[in-house]
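Worksheet: the structure to be examined is printed underneath.
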Amino acid sequence: MKKYICPICGYVYDEAKEGVKFVDLKDDWKCPLCGAPKNLFEAEAQVVEEIEELEETDELREMSYGEISALCSSLARGCDKQYLFEEAKLFTKLSDYYNKKSKTKTINNLDELLSKINEDLEKNYKQARLVATKKEDRGALRVITWGEKVSMILKSLINQYEQDKNFINKTKVYVCDICGFIYIGDNKPEICPVCKVPSFKLLEVGKEG
Amino acid sequence: MSSLRAVRNLRICSKDCLCLYVCPTGATDTETGQIDFEKCIGCGACSKACPSGAISMVPYQYPKQQVKDKLVVEKLNEIIRSKVEQEKMAQYVYDNSDDVVLKQFSKALIRANRLIVEDLYREAGYMLPQSQNTRDFLNKLLDENIENDIKDDIKKLLDMLELNE
């Protein structure tokens, strides 16, 4: 008897409990929680091996300037939430400083960005979910779920843009200031579909000039 | 001194101004709308009276942040590195395009990636600016070769942020 895990939502199909072998389920069977197709499910045995292969390292890896900048802007938000405005300002200044120091990454087309997003969806988020599930870290599972959903949206928007470069021309672009969800359309939704924050936190990104 | 202080969320404040009537020390009558922290004694009267729920009582000292499992942190860091790279790709597109719409789109992508990374850092052991992790991070920045005014800002932050663990 094996267990099969949904890579989208973490739902566990336990053959012992269900009384039906996973392979015997119909091909159009879907995850009862999130609707993911059967062929995405992974057997748990693989999962455990994968986790055990991961090495634990004690050393703090060197952070890039881009990472330092993002950590500083995150801490600026943390100070802002606590009404520590002076501290928030200093962290924002540091974030800008390291952002300027960091180099942009040259790409020839948006496909290169797409393949990085695919790598996240196919590998990085999956591995992180397995580890966070095993270690019962609910907060990490939350950030993984939001990030995965936003990544899927970014992927589909880039695909749309590549097919029809005009699809943004006559409409508006919004970014959720909490989770990074991008909405392209005339009227933003009442709540963010990913993190459920009310619409006033969906901020418009206008056209320049 | 009380362990709490009142703070006002200006986005919610409906200017009913009951806080003015109930505050025993006159800490709520500032022109900016924020509470005067010097005068606030943390009694909570304004927070209880506020009809729009715009005033909350927050502690001066926050509890120690949750300890994160090393392996979880490592996995989240892998996503962080990837998303930072994506932000830098979008930044490249933004810097090298004259097309108004592509600029707008890439700007949204830059922002989205940055927000994802900020959120990841909060779950990867940097929730509280007052944590030991944050201190270690800031101290490590000081070791690097950076401009003096930036060094001063980092030292200022180390002074201002009270360690809570």
Side-chain angles (χ1 to χ4, degrees), chain A residues 54 56-57 61 64 66-68 70-71 73-75 77-79 82-83 86-87 90-91 93-94 97 102-107 110 112-113 116-117 119-120 124-125 127-128 131-132 135 137 139-140 143 146-147 150 154 161 165 168-169 173 175 177-182 205-209, chain B residues 7 11 34 58 62 66 68-72 74-93 95 100-105 107-109 111-124 126-129 134 137 140-141 150 153-154 156-157 160-161:
Chain A
L54 303 170
E56 288 196 30
T57 47
R61 243 185 88 129
S64 69
E67 287 165 57
I68 294 173
L71 178 49
S73 57
S74 176
L75 290 165
R77 278 177 176 255
C79 290
Q82 294 181 31
Y83 296 80
E86 191 64 29
E87 291 87 335
L90 287 167
F91 271 121
K93 195 176 159 194
L94 285 179
Y97 170 79
S102 75
K103 290 199 177 66
T104 58
K105 171 97 181 162
T106 308
I107 51 172
L110 289 174
E112 293 178 50
L113 181 51
K116 283 298 284 184
I117 299 178
E119 196 186 309
D120 287 344
N124 293 336
Y125 274 115
Q127 283 195 357
V131 173
K135 305 286 181 183
D137 187 332
V143 78
W146 288 8
V150 174
L154 300 190
Y161 178 82
K165 297 208 170 1
I168 309 175
N169 281 6
V173 178
V175 180
D177 202 36
I178 302 302
C179 69
F181 166 76
I182 297 184
V205 177
K207 294 183 174 62
E208 291 173 14
Chain B
V7 293
R11 198 178 256 288
Q34 200 39 270
V58 298
Y62 285 76
Q66 298 294 312
K68 287 286 177 170
D69 178 85
K70 254 198 269 174
L71 202 52
V72 172
E74 201 177 306
K75 288 285 120 189
L76 295 182
N77 273 326
E78 274 172 23
I79 308 175
I80 286 172
R81 279 192 285 278
S82 177
K83 293 300 181 197
V84 166
E85 202 178 326
Q86 289 165 53
E87 181 194 318
K88 293 289 139 193
M89 288 176 167
Q91 183 73 53
Y92 176 82
V93 174
D95 291 347
V100 175
V101 173
L102 185 55
K103 262 188 145 40
Q104 180 188 23
F105 188 36
K107 195 172 177 183
L109 290 171
R111 200 184 285 173
N113 277 298
R114 174 55 68 104
L115 286 157
I116 292 174
V117 174
E118 288 177 355
D119 199 5
L120 283 161
Y121 269 127
R122 285 191 284 276
E123 289 301 337
Y126 292 99
M127 185 74 78
L128 267 188
T134 303
F137 163 68
K140 199 155 180 281
L141 291 183
I150 295 294
D153 286 341
I154 296 173
K156 232 187 271 174
L157 273 171
M160 291 168 91
L161 293 166

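Chain identifiers are assigned alphabetically (A, B, ...) following the order of the sequence lines, protein sequences preceding nucleic acid strands; residue numbering begins at 1 within each chain. Heavy-atom basis, side chains included; hydrogens, waters and symmetry copies ignored.
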Please state whether the side chain, the backbone, both or neither of A/Tyr125 comes within less than 4.5 Å of a heavy atom of chain B. both
Shortest non-hydrogen contact from A/Gly180 to B/Ala112? O-CB, 3.1 Å
Which heavy-atom pair separates A/Ser73 from B/Glu118 by the least distance, and what is that distance? OG-OE2, 2.6 Å
Within-4.5 Å side-chain heavy-atom neighbours: B/Ile116 and A/Trp146: no
By a 4.5 Å heavy-atom criterion (distance strictly below it), what part of A/Leu110 contacts chain B: side chain, backbone, both, or neither? side chain
Structural part of A/Leu94 lying under 4.5 Å from a heavy atom of chain B: side chain
Counting only heavy atoms closer than 4.5 Å, note whether A/Tyr97 contacts chain B via side chain, backbone, both or neither. side chain
Is chain A contacted by the side chain of B/Asn77, its backbone, both, or neither, given a heavy-atom distance below 4.5 Å? neither
Under 4.5 Å from any heavy atom of chain B, what part of A/Gln82 do you find: side chain, backbone, both or neither? both
Where on B/Val72 is there a heavy atom nearer than 4.5 Å to chain A: the side chain, the backbone, both, or neither? both
Between A/Ser64 and B/Val84, the two heavy atoms sitting closest are OG-CG1, 4.3 Å
Side chains of B/Gln86 and A/Leu154: closer than 4.5 Å at any heavy-atom pair? no
Would you call A/Leu113 and B/Leu109 a side-chain contact if the rule is heavy atoms closer than 4.5 Å? yes
Could you tell me if the side chain of B/Leu115 sits less than 4.5 Å from the side chain of A/Phe181, heavy atoms only? no
Would you say A/Glu67's side chain and B/Arg81's backbone share a donor-acceptor pair under 3.5 angstrom? no
Less than 4.5 Å apart, side chain to side chain, heavy atoms only: is that true for A/Lys103 and B/Lys88? no
Below 4.5 Å from any heavy atom of chain B, which atoms of A/Lys93 appear? Answer side chain, backbone, both or neither. side chain
Pair B/Gln91-A/Thr104, side-chain donor/acceptor within less than 3.5 Å: no
Tightest non-hydrogen contact, residues A/Lys116 and B/Ser82, listed as CE-OG, 3.7 Å
Looking at side-chain heavy atoms only, is the closest gap between A/Asp137 and B/Lys68 below 4.5 Å? yes
Chain B contact via A/Ile182 - side chain, backbone, both or neither, heavy atoms under 4.5 Å: side chain
